[in-house]
Amino acid sequence: MNCNLEVMIDHIDHICQIAGNALHVGMGTDLDGAFGREQCPYDLETIADLQKVTGLLAKRGYADVDIENMMHGNWLRFLRKAWADK
């Protein structure tokens, strides 16, 4: 991927603006080796760098609850609903 974390945050912010809230964004990484590092922002070198994402979202004015939802809460809500429907 030819972008850095700031550009990634631009895209996340755009999605939130279109959706009207932060309930439709879920973070996922390719740092597990599935697609290789070339699919990640170039300044996301290790899993530890994910901590930078929360700071960048906070800098854009996102509340803690919105950041928690984007980092894991939205996935949990989605999966709990999907599993409950079975």
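From a predicted model like this one, the values you see are computed outputs, not experimental measurements.
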Taking [X] for its side chain and [Y] for its backbone only, find out whether a donor-acceptor pair lies under 3.5 Å.
| X | Y | value |
| --- | --- | --- |
| N69 | L23 | no |
| N4 | V7 | yes |
| N21 | D66 | no |

Notebook entry, point to check: Should F78 and W83 be regarded as members of a common hydrophobic cluster, given that ILVMFWY residues are connected when their side-chain heavy atoms come within less than 4.5 Å of each other, either directly or indirectly?
Noted result: yes
Note to self: Check for me, please, whether M8 and I15 land in the same ILVMFWY cluster - side-chain distances under 4.5 Å, paths through other members count.
What the structure shows: yes
Notebook entry, point to check: Is the count of non-hydrogen atoms from other residues, nucleotides or ligands lying under 6.0 Å from Q51 atom CD greater than 12?
Noted result: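 Atom CD in Q51 is not packed in, count stays at 12 or less.
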Next item on the list: List the atom of V25, the atom of C16, and the distance in Å for their closest heavy-atom pair.
Entry: CG2-SG, 3.8 Å
From [X] atom [atom1] to [Y] atom [atom2], the distance as rounded to the nearest 0.5 Å:
| X | Y | atom1 | atom2 | value |
| --- | --- | --- | --- | --- |
| D13 | I9 | CG | CD1 | 8.5 Å |
| M27 | L50 | CE | CG | 8.5 Å |
| H11 | C3 | NE2 | SG | 6.0 Å |
| L79 | N74 | CG | CG | 11.0 Å |
| R60 | I12 | CZ | CD1 | 9.0 Å |

Margin query: Between Y62 and T54, is there a side-chain heavy-atom distance shorter than 4.5 Å?
Written below: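 No, too far: nothing below the 4.5 Å cut-off.
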Notebook entry, point to check: Does some side-chain heavy atom of D43 sit less than 4.5 Å from a side-chain heavy atom of D49?
Noted result: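 Result no, sub-4.5 Å side-chain heavy-atom pair not found.
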Notebook entry, point to check: Under 4.0 Å between a Lys/Arg side-chain N and an Asp/Glu carboxylate O for E6 and K52?
Noted result: no
Checklist line | Audit row: I18, H24, side chain to side chain contact (heavy atoms under 4.5 Å, CB included) steps and yes/no | finding: CA-CA 10 Å; I18 290 171; H24 305 282; over 6 Å; no
